[in-house]
K.L.:
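Pasting a structure below so you can have a look.
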Amino acid sequence: MATTDAEIELVRALVASIPRGRVATYGDIAAAAGLSTPRTVGWIMRTDSADLPWHRVLGASGRPAAHLRGRQLRLLAEEGVPIRDDRVDLRAARFPFPEPPERPPATG
């Protein structure tokens, strides 16, 4: 199933809502957007996030991707995000998104 423009805009809005000093995982964002997989969030972030606080989005391990590690950890540290051994302390820094609204059942 293709990603809709509405889903892309919802993911973008969720990423934009992560406050300074907090982080979210791809899975957190997928759940908040009602998406079936965090991979969709990753795809959106790769293709349409230059104007977003992309550095506040991490994998479930709390470690940034290797090619982003130095820059991402520096940006997060500047915001006061707790980091230990190149890993964000998700317990302390994770942003709690509101629960997604119930979707009506699909008809078809």
K.L.:
Enter the distance from L90:CG to L58:CG here, rounded to the nearest 0.5 Å.
P.N.:
6.5 Å
K.L.:
Which pairs count as salt bridge (charged side-chain N to carboxylate O under 4.0 Å, His left out) when at least one residue sits in residues 36-55, sequence neighbours excluded?
P.N.:
R12-D48, R12-D51
K.L.:
If the condition is side chain to side chain contact (heavy atoms under 4.5 Å, CB included), which residues does D89 pass it with, not counting sequence neighbours?
P.N.:
P82, R84, R91, A92
K.L.:
Let me check something: do V88 and V57 share a hydrophobic cluster, defined by ILVMFWY side-chain heavy atoms less than 4.5 Å apart, either directly or through other members?
P.N.:
no
K.L.:
Evaluate T3 against I8 for side-chain contact (heavy atoms from CB on, under 4.5 Å), listing each step before the verdict.
P.N.:
CA-CA 7 Å; T3 304; I8 292 169; 3.7 Å; yes
K.L.:
Give a yes or no on whether L52 and V41 share a hydrophobic cluster (residues Ile, Leu, Val, Met, Phe, Trp, Tyr; joining criterion: side-chain heavy atoms under 4.5 Å apart).
P.N.:
yes
K.L.:
What distance do R87 atom CZ and L73 atom CG have between them, rounded to the nearest 0.5 Å?
P.N.:
11.5 Å
K.L.:
Can you name the side chain to side chain contact (heavy atoms under 4.5 Å, CB included) partners of T4, sequence neighbours left out?
P.N.:
A6, E7
K.L.:
Can you get from I18 to L14 by hopping between Ile, Leu, Val, Met, Phe, Trp and Tyr side chains that sit under 4.5 Å apart?
P.N.:
yes
K.L.:
To check you understand the geometry: which heavy-atom pair defines the closest contact between A65 and Q72, and what is its length?
P.N.:
N-OE1, 4.3 Å
K.L.:
Between the side chain of T25 and the main-chain N/O of D28, is any donor-acceptor distance below 3.5 Å?
P.N.:
yes
K.L.:
Scan residues 51-97 for pairs that pass ring pair (Phe, Tyr, Trp, His ring centres under 6.0 Å), counting only residues two or more places apart or in two chains.
P.N.:
F95-F97
K.L.:
List the atom of I29, the atom of A24, and the distance in Å for their closest heavy-atom pair.
P.N.:
CG1-CB, 4.1 Å
K.L.:
Using side-chain heavy atoms (C-beta onward) and a distance below 4.5 Å, is R20 in contact with P53?
P.N.:
no
K.L.:
With hydrophobic residues grouped by side-chain heavy-atom distances under 4.5 Å, do V81 and L68 end up in a single group?
P.N.:
no
K.L.:
How long is the gap from CG on D5 to CG on L10, to the nearest 0.5 Å?
P.N.:
12.5 Å
K.L.:
Any salt bridge (charged side-chain N to carboxylate O under 4.0 Å, His left out) pairs touching residues 54-63, not counting sequence neighbours?
P.N.:
R56-E79
K.L.:
Which residues satisfy the side chain to side chain contact (heavy atoms under 4.5 Å, CB included) test with R74, sequence neighbours excluded?
P.N.:
R71, E78
K.L.:
What closest approach, in Å, do A32 and P98 show between heavy atoms, and which atom pair accounts for it?
P.N.:
CB-O, 4.5 Å
K.L.:
Tell me every residue that passes ring-ring contact (aromatic ring centres under 6.0 Å, His included) with Y26, counting only those two or more places apart in sequence or in another chain.
P.N.:
none
K.L.:
Roughly how far, to the nearest 0.5 Å, is CG of D86 from OG of S61?
P.N.:
11.0 Å
